[in-house]
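Report on the structure given below.
All values below were derived from every heavy atom in this structure, side-chain atoms included, with hydrogens, water molecules and symmetry-related copies excluded. All ligand and atom numbering here is 1-based and tracks the order in the structure. We number each residue from 1, following the sequence as shown.
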Amino acid sequence: PTNRPRSHLVTLRVPGIHHVTAISGPAQQNMDFYADVLGLRTIKQTVNFDDPGTHHLYYGDRAGTPGTAMTFFPWEHAPRGGSGSGATEATGFSVPAGSLEFWGERLKGAGASPQEVDTRFDEESLRCKDPDGLIFEIVAGPATRETTAGAPVHPDIPTEFAVHAFHGVLLDVVDPDPTARLLTDIMGFEHVGEYGGRLRFRTDEHEVGSIVDLRSAGSGARVYMGRGSVHHVAFRARDDEEQQSWRETITNAGIPVTTVQDRCYFHSIYFREPGGVLFEIATDTPGFGIDESEEELGRKLQLPPWFESQREKLEAQLPRLVLPDERS
Ligand code: ZN
């Protein structure tokens, strides 16, 4: 149809967000908040492949399905991050309609200060900060989808209120136009609305984590990245072949992109979008089940084959973490 002027340019479309990676303070504090307060499942305890003396922690649904994985580099001594242009200002988690009251109480009980936000795009939400100051939103709306693996299970969180997946991210950029063009003309998103200076873009509505909101950062001062900052946002490629097409498409758009990096659980390419936010495209395959069974996910330190010979040294260096259900 000719009434969709931009879609003809798009041959590929990202299905949605794959994971969001942020910088946190102490690893145990981070785990207590995401695995206990928010009730996500710890999917993987591994190391930062570029800095193996520190953890890389993954939280998500029951299987760490792409679109549910919130991940952290705990850099205990990193200074607190700030806001500014090129920042992922907020990360949204999707919960079923009717669960905000539960979340408001639970977050208050955990010492966080959730704020109610005006209804926007027919969705109600709470805005809150994690212990490191990372801003997240709990979004309840008609579009909530559960993954095939199912929502994470926590003894104090009724399954009908559990966090299902990412809702989306909010990016702050000086000029939203070039980022908007990347999203619509190249990555397959559609501009679906605007509320209070927040431009909404959505990719496949049948997938989880399909929303990117853009907002003008105003002053233009560049974000200072530190504890409580999102480091990058990863979008999905279904397999290596699709990722290769993305690599060519993005290169052809004049944006420098890295070679493919082996992240063990997925393969990654990285590029900086025009507004300054670091984007990644990560494959759905091989997934978190590559080195431990679905039942055992996240309970023990897993290392990629190339660090296995250093296990003893790394285990001595890393803090020993206690999962919520390991506490007496
Ligand atoms: Zn990543």
Please confirm whether the ring centroid of [X] lies under 6.0 Å from the ring centroid of [Y].
X    : Y    : answer
F266 : H19  : yes
Y34  : Y59  : yes
H56  : Y58  : yes
H18  : F235 : no

Cluster companions of W75 among Ile, Leu, Val, Met, Phe, Trp, Tyr (side-chain spacing under 4.5 Å):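 Result for W75 is I23, F73, M225.
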Cation over ring face, R263 and F49, 6.0 Å, 45°: no
If only protein N, O or S atoms under 2.8 Å count, total around the Zn ion (ligand 1):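 Number of qualifying protein atoms: 3.
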